Amino acid sequence: MSKSALGFVELPSLCNAINTLDIMLKAASVKFETWEKKLGGRLVTIIISGSVSSVTAAVEAATRAFDIKSSLVIAAPHPETLKMIDISRSKLRF
């Protein structure tokens, strides 16, 4: 998996996370990679990928829409970082 950038957005509720993901996907050409849910869904991290400009635009759109606890854009992520995303994605059941 070769990604130009990864974007992370952490929110305080599952409902807000779902709505935020929708906003990010509509704001820019990004791909939903995976998500992590902690504290019974009271803390959710959404992970997206795409070009640096697209990921940045999507994360900025998310921060304007909701009370984001934390956000991050990583340009040119290291292969070891991508392995962490793959591990997280492997836990999902579609």
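Nothing fancy with the numbering, it's 1 onward along the sequence. All values derive from a computational prediction rather than experimental measurement.
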Novice: Indicate yes or no: at least one non-hydrogen side-chain atom of Glu10 is less than 4.5 angstrom from one of Leu43.
Specialist: yes
Novice: With sequence neighbours excluded, what pairs up with Lys91 under the side-chain hydrogen bond (donor to acceptor under 3.5 Å, both in side chains) test?
Specialist: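 So Lys91 forms no side-chain hydrogen bond (donor to acceptor under 3.5 Å, both in side chains) with any residue.
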Novice: Please report the closest heavy-atom contact between Pro77 and Ser4, naming both atoms and the distance.
Specialist: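 In this case the closest contact between Pro77 and Ser4 is CD-O, 3.7 Å.
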Novice: Can you tell me how far the OG1 atom of Thr45 sits from the NZ atom of Lys38, to the nearest 0.5 Å?
Specialist: 8.0 Å
Novice: Tell me, with the steps shown, if Arg64 and Glu60 meet side-chain contact (heavy atoms from CB on, under 4.5 Å).
Specialist: CA-CA 6 Å; Arg64 287 190 300 270; Glu60 287 175 357; 3.7 Å; yes
Novice: Would Ile18 and Trp35 count as a side-chain contact (heavy atoms from CB on, under 4.5 Å) if you check the C-alpha gap in whole Å, the side-chain angles of each, and the deciding distance to 0.1 Å?
Specialist: CA-CA 10 Å; Ile18 292 168; Trp35 66 300; over 6 Å; no
Novice: Can you tell if the side chain of Leu6 reaches within under 4.5 Å of the side chain of Val55, non-hydrogen atoms only?
Specialist: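 No; the side chains remain at least 4.5 Å from each other.
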Novice: If hydrophobic clusters are built from ILVMFWY residues whose side chains come within less than 4.5 Å, do Met84 and Val44 share one?
Specialist: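 No.
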Novice: Any chance you could lay out the salt bridge (charged side-chain N to carboxylate O under 4.0 Å, His left out) test for Arg89 and Asp86, step after step, and finish with the verdict?
Specialist: CA-CA 5 Å; Arg89 187 184 312 103; Asp86 288 337; 2.7 Å; yes
Novice: Donor-acceptor pair, Ser54 side chain versus Gly50 backbone, under 3.5 Å?
Specialist: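 Not a single qualifying donor-acceptor pair exists.
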Novice: Got a second to check how far Ile85's CD1 is from Phe8's CZ, nearest 0.5 Å?
Specialist: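 Answer rounded to 0.5 Å: 4.0 Å.
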Novice: Give, for atom NZ of Lys69 and atom OG of Ser13, the distance between the pair rounded to the nearest 0.5 Å.
Specialist: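 It comes to 10.0 Å.
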Novice: Which heavy atom of Thr20 sits nearest to which heavy atom of Leu11, and what is that distance?
Specialist: OG1-CD2, 3.3 Å
Novice: Mind checking the CD-CD1 spacing from Glu33 to Ile48? Nearest 0.5 Å is all I need.
Specialist: 9.5 Å
Novice: Is it possible for you to say whether Val52 and Leu25 belong to one hydrophobic cluster, with membership spreading through side-chain heavy-atom contacts below 4.5 Å?
Specialist: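 In one cluster with Val52: Leu25, no.
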Novice: Could you measure the distance from the CZ atom of Phe32 to the CG atom of Asp22? Nearest 0.5 Å is fine.
Specialist: 12.0 Å
Novice: Could you tell me the separation between the CD1 atom of Ile46 and the CD1 atom of Ile23, rounded to the nearest 0.5 Å?
Specialist: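 Between Ile46 CD1 and Ile23 CD1, I get 9.5 Å after rounding to 0.5 Å.
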Novice: Nearest heavy-atom pair of Ala27 and Ala61: which atoms, and what distance?
Specialist: CB-CB, 3.7 Å
Novice: Can you list every pair that meets salt bridge (Lys or Arg N to Asp or Glu O under 4.0 Å) and has a residue in residues 44-58, with sequence neighbours left out?
Specialist: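 Listed once each, the pairs would be none.
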